[in-house]
2 protein chains.
Amino acid sequence: MRQLCMPRGLANETLPRLESVICIARPVTRGEALYRGGDPFRYLYAIRTGAIKTVMTQRDGREQVTGLRIAGEPLGLDGLGSNAHTCSAIALEDSSVCIVPYAPLLELCRDIDTMQARLLALAGEHIARVEAQMMVNDSMSADERVARFLLDLSERNAQRGYSATEFSLRMTREELGSHLGVTLETVSRTLSGFQRRRLIELRGKAVRLVCAEALRAV
Amino acid sequence: MRQLCMPRGLANETLPRLESVICIARPVTRGEALYRGGDPFRYLYAIRTGAIKTVMTQRDGREQVTGLRIAGEPLGLDGLGSNAHTCSAIALEDSSVCIVPYAPLLELCRDIDTMQARLLALAGEHIARVEAQMMVNDSMSADERVARFLLDLSERNAQRGYSATEFSLRMTREELGSHLGVTLETVSRTLSGFQRRRLIELRGKAVRLVCAEALRAV
DNA sequence: CGCCCGATTGATAACGCTCAAGGCAAGTGG
DNA sequence: CCACTTGCCTTGAGCGTTATCAATCGGGCG
């Protein structure tokens, strides 16, 4: 697990110092908020098990799912800029996260080059991910969006050592729709369509990619 | 200008070191690319004058404008994660930018706390901006998107000391549409509509916000 | 068992896209 | 100086995708 969190390519002797910074895991039960928009930004997180969605709320009350993070992925970068989180993080299943206090982490970064680089890289990866997501949602049809989501999730599962072909959507159709900028009905119809065309198999939130190639071709 | 770039709240004695890192300004002529997607990531930039758009291209050739940065704003953060830029930066007008080599900047960050904090804050602000943009584009109507864009640009102009009510859109209707996830015709119609309803005045790319309140209310 | 939340499916309508024609302003060349 | 070109913008008409509204279904849980 350790290598999935913050460090990667760290010299071994620095590990103890890192561990002195990382608090032990904290459990988050399904539906619970790890943090909420507006909360003071004090910690970064790494998901150990489970899945967590990030949600943004605007003045008028409309909510949107801005991201889905699964085991092995970092969380909380949205607070970097200010001293408050800009969105809420809510557990989709019972999960557990590593808590990394930000201030000590900064100290560590000052002493350890690779740590600093790693933190900035995480921020950069997140930027790239969000920008890619934005492009998908802006310029593609509902079918394409859903297909891309499936492929993205598949790839991330694979990266973390899980199955690339069989996994859980983790979110309800409504959350998925919110994330992709379409309605839940459209998500449902699209998934049904994919199943009819034998691109996927579907049972509730469980999917099996039957023909990833065809999905890639929209 | 200096205070608009990277440093803010820096001790005075650190300025010389910063200046030793920042290259002198480089001019970029209208239409020219400061960097392109895939280019190695070596520099960060701060826009001194002018305006620059960031553009992402996908496999199939479709392009999307992912951002608009004006004088005083940072640029190039999209390379942080990897060692290559994920999008292209193209000048919308003749502009000039400060060039900040990344490697020396990192050195500097290690020695100067506020510098490190500032860099991370810039990354965080960018994340927040992109996520907000994504939310706007996913969950709002064309009218709302255009209105939000106008208000956002107005606010950023004000922040940098320019007029909050009279400014230039900087982009063509097509680029604007790409940025907002609608077609150029829709942008045109929407702007015309706003003008008819006396919310704005419009002459080419020049706008004057007549009633920002009404714009906020969509 | 019955309730309830989530998912599916259908009918209808609206919003925004596509295609198409024209206008305006700036630049170019005769 | 005027005709012509070119790029950008505006406006219109028709159509398609997706939202909306609504009914039904199914599975999990008290």
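Every chain is numbered from 1, with letters handed out A, B, ... down the list of sequences. Side-chain atoms are counted along with the backbone in the values below, which use heavy atoms only and exclude waters and symmetry mates.
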Whole angstrom value for the distance that separates [atom2] of [N] from [atom1] of [X]:
X	N	atom1	atom2	value
B:Gln195	D:dT10	CD	C1'	11 Å
A:Asn137	C:dG16	CG	C1'	17 Å
B:Glu144	C:dG16	CD	C1'	14 Å

Salt bridge check: are B:Arg62 and A:Glu144 linked by an N-O gap of less than 4.0 Å?
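A salt bridge is present here (some side-chain N lies under 4.0 Å from a carboxylate O).
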
Of the non-hydrogen atoms in [X] and [Y], which two are nearest, and what is the gap between them?
X	Y	value
B:Leu68	B:Glu73	O-OE1, 3.9 Å
B:Ser154	B:Leu209	CB-CD1, 3.7 Å
B:Ala71	B:Tyr162	CB-OH, 3.7 Å
B:Gly50	B:Glu93	CA-OE1, 3.6 Å
A:Met171	A:Lys205	O-CE, 3.3 Å

With a 3.5 Å cut-off and sequence neighbours excluded, list the donor-acceptor pairs that the side chains of residues 22-34 of chain A form with protein atoms.
| unit_1 | atom_1 | unit_2 | atom_2 | d |
| --- | --- | --- | --- | --- |
| A:Arg26 | NH2 | A:Glu32 | OE2 | 3.0 |
| A:Thr29 | OG1 | A:Glu32 | OE1 | 3.2 |
| A:Arg30 | NH1 | A:Leu92 | O | 3.2 |
| A:Glu32 | OE1 | A:Thr29 | N | 2.9 |

If you measure from [atom1] on [X] to [atom2] on [Y], what distance do you get to the nearest 0.5 Å?
X	Y	atom1	atom2	result
B:Thr54	B:Gln64	OG1	CD	9.5 Å
A:Ser96	A:Ile52	OG	CD1	9.0 Å
A:Leu119	B:Leu119	CG	CG	9.5 Å

Would you say the ring centers of B:Tyr43 and B:Tyr35 fall short of 6.0 Å from each other?
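No - the distance between ring centres of B:Tyr43 and B:Tyr35 does not fall below the 6.0 Å cut-off.
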
Which residues in residues 53-70 of chain B have at least one heavy atom lying under 4.0 Å from any atom of DNA chain D?
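Hits under 4.0 Å, by residue number: none.
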
For nucleotides 5-7 of chain C, print each protein N/O atom paired with a nucleotide N/O atom at under 3.5 Å, atom names and distance only.
| unit_1 | atom_1 | unit_2 | atom_2 | d |
| --- | --- | --- | --- | --- |
| C:dA7 | OP1 | A:Arg173 | N | 3.4 |
| C:dA7 | OP2 | A:Arg173 | N | 2.9 |

If the plane angle is over 60° it's perpendicular, under 30° parallel, otherwise tilted; pick one for A:Phe149 and A:His179.
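Perpendicular: the ring planes of A:Phe149 and A:His179 meet at over 60°.
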
Partner set under side-chain contact (heavy atoms from CB on, under 4.5 Å) for A:Asn137, not counting sequence neighbours:
A:Gln133, A:Arg145, A:Leu180, B:Asp138

Considering only nitrogen or oxygen atoms on both sides, find all protein atoms under 3.5 Å from nucleotides 20-28 of chain C and state each distance.
none

Check the interface with nucleotides 16-19 of chain D: list each N/O to N/O pair with the protein under 3.5 Å, or write none.
| unit_1 | atom_1 | unit_2 | atom_2 | d |
| --- | --- | --- | --- | --- |
| D:dT18 | OP1 | A:Ala142 | N | 2.8 |
| D:dA19 | OP1 | A:Thr183 | N | 3.4 |
| D:dA19 | OP2 | A:Thr183 | N | 3.4 |
| D:dA19 | OP2 | A:Thr183 | OG1 | 3.0 |
| D:dA19 | OP2 | A:Thr186 | OG1 | 2.4 |

